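Worksheet for the structure shown next.
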Amino acid sequence: MTESDVELEKPSHTAPLENAWQMKLPKFKAEHNPHGLLEESSFATLFPQYREQYLRQIWPLVEKTLGEHFIKAELDVVEGSMTVRTTRKTWDPYIIIKARDMIKLMSRSVPFEQAKRVLEDDVGCDIIKIGKITTNKDKFIKRRLRLIGPNGCTLKSIELLTNCYVLVQGQTVSALGPYKGLQQVRKIVEDTMKNVHPIYNIKALMIKRELAKDPKLKNENWERFLPKFVNQNISKRKQPKKKREKGPYTPFPPRQMESKIDKMLESGEYFLSAQQRRIKQQKAMTEKQMIATKLREEKRNQAFVPPKEQSTTKASASDTSVNLEKLKAKIKKAQKGKLNF
């Protein structure tokens with residue numbers, strides 16, 4: 001191993017902070033820890049009943065994958081739990097944490113092909129709990145659907161921009177990928193559940209992606225390029241066409257509404273007997289019926305009324321004035337034309 005190779009493996013401490021995500025950390029090998037671990041560590045997690053059949057099918061592959069890292073895996077169908085523990089041959093102290101994350105992802109409906117990627121050094125996972133961000137159930141369902149998007153297009157765009165695998169299941173969002181992408185996914189998910197549309201964060205990520213390609217803008221502040229969205233809290237309630245104007249302020253309370261008894265006392269109906277009230281009501285009903293029948297008859301008779309004819313007055317002969325000289329000239333001209341012919 002030459003000196004130049006050693007210098008390449010050393011992390012560059014003079015690099016700017018924005019390039020810290022691109023630092024290549026040295027790989028931890030078995031030679032670095034030949035004595036192994038001193039004590040046994042184990043983690044267990046529960047899984048729902050609908051995942052039992054899938055876990056039974058792929059469990060031999062899980063044991064084989066974890067066995068390559070000297071981790072023992074156990075599946076307990078009776079209790080509904082998965083357990084991972086270290087063995088005497090385990091030399092990586094952090095691989096048990098990675099194995100714990102793997103079984104957690106599998107319990108949250110992440111397929112095994114994706115979950116096993118978390119065992120790599122530059123891949124992490126994040127399980128975001130979104131159930132308690134909004135207490136209203138209807139709002140929670142609408143915002144979760146907004147995060148997924150029509151036919152999953154919003155979720156797919158988030159995956160492409162962050163290089164992460166994202167799965168929405170129940171009251172959690174499982175993310176798997178590079179650590180920088182996991183931070184971006186968490187921000188988008190939490191903002192969406194707080195009633196901020198994910199398209200705003202997606203647009204900002206797209207602009208940042210284009211700015212990162214320009215070497216001139218690499219070390220500059222990008223705030224002036226990012227869009228600033230103002231939250232406008234507009235009421236969706238239908239506003240009335242004619243708004244009622246408030247009258248002048250008075251310290252006195254409004255007048256009490258009259259009850260039926262007050263109205264009967266005012267009209268004198270209160271002092272009538274039940275038979276007299278019935279007669280009065282019938283009389284009022286007959287009057288209403290007579291008025292209605294009269295209006296109906298008038299409407300029917302309108303079809304038989306002849307329309308008014310327009311008066312056509314002919315203009316009298318005295319009104320028209322004839323020019324005699326012009327008329328004589330025309331007759332003479334016509335006579336001359338006949339003679340010449």
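Scope of the values below: all heavy atoms of this structure, side chains included, with no hydrogens, waters or symmetry mates. For the single chain, residues carry numbers from 1 onward in sequence order. Computed from a predicted model, the values in this text were never measured in an experiment.
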d(Glu190 CD, Ile130 CD1) to nearest 0.5 Å is 10.5 Å
Take Arg117 and Gln114 through the side-chain hydrogen bond (donor to acceptor under 3.5 Å, both in side chains) test and state the conclusion after the steps.
CA-CA 6 Å; Arg117 286 175 53 211; Gln114 292 289 340; 2.8 Å; yes
Salt-bridge present (Glu52, Arg56; N to O < 4.0 Å) = yes
**Study point:** Heavy-atom check, side chain of Leu182 versus side chain of Cys164, under 4.5 Å
**Key:** yes
So does Asp138 pair up with Lys142, basic N to acidic O under 4.0 Å? no
Looking at Ile261, I want to see if its CD1 is surrounded by more than 12 non-hydrogen atoms of other residues, nucleotides or ligands under 6.0 Å.
no
Do Glu298 and Lys294 sit within salt-bridge range, that is, some charged N less than 4.0 Å from a carboxylate O? no
Query raised in the report: Are Ile158 and Met206 grouped together when hydrophobic residues (ILVMFWY) are joined by side-chain heavy atoms under 4.5 angstrom apart?
Result: yes
To the nearest 0.5 Å, atom CD of Glu39 lies from atom OG1 of Thr86 at 9.5 Å
(request) Decide if atom CG of Asn136 counts as having more than 12 heavy atoms of other residues, nucleotides or ligands within a radius under 6.0 Å. (result) yes
### Task
Give a yes or no on this: more than 12 heavy atoms of other residues, nucleotides or ligands lie within 6.0 Å of atom CD of Glu120.
yes
Worksheet item: Between the side chain of Asp214 and the main-chain N/O of Lys216, is any donor-acceptor distance below 3.5 Å?
Response: yes
Could you tell me whether Glu325 and Lys328 have a side-chain N and a carboxylate O separated by less than 4.0 Å? no
Crowded around Tyr200 OH? As in, over 12 foreign heavy atoms under 6.0 Å? no
Are Leu155 and Ile141 connected in the hydrophobic side-chain network, where two residues link if heavy atoms are under 4.5 Å apart?
-> yes
- prompt: So, Thr172 versus Arg108: side-chain donor-acceptor pair below 3.5 Å or not?
  reply: yes
Exercise for review: Could you check Thr154 against Ser157 for side-chain hydrogen bond (donor to acceptor under 3.5 Å, both in side chains), going step by step and ending with a plain yes or no?
Suggested key: CA-CA 5 Å; Thr154 308; Ser157 60; 5.4 Å; no
- Query: Do Lys288 and Met285 come close enough that some side-chain heavy atom pair is under 4.5 Å?
  - Reply: no
To the nearest 0.5 Å, atom OG1 of Thr192 lies from atom CG of Asn201 at 6.5 Å
Note: Ser42 and Arg85 closest approach over all heavy atoms is CB-CB, 3.6 Å
| task | Would you kindly say whether Asn195 and Arg146 are connected by a side-chain donor-acceptor distance under 3.5 Å? | result | yes
Between Met102 and Leu119, the two heavy atoms sitting closest are SD-CD1, 4.0 Å
To the nearest 0.5 Å, atom CZ of Arg143 lies from atom CD1 of Ile133 at 9.5 Å
Check: Is the closest basic N to carboxylate O distance between Lys263 and Glu269 below 4.0 Å?
Finding: no
Residues Glu79 and Leu46: closest non-hydrogen pair is O-CD2, 4.0 Å
With a 6.0 Å cut-off (strictly less than), is the heavy-atom count around OH of Tyr270, excluding the residue itself, greater than 12? no
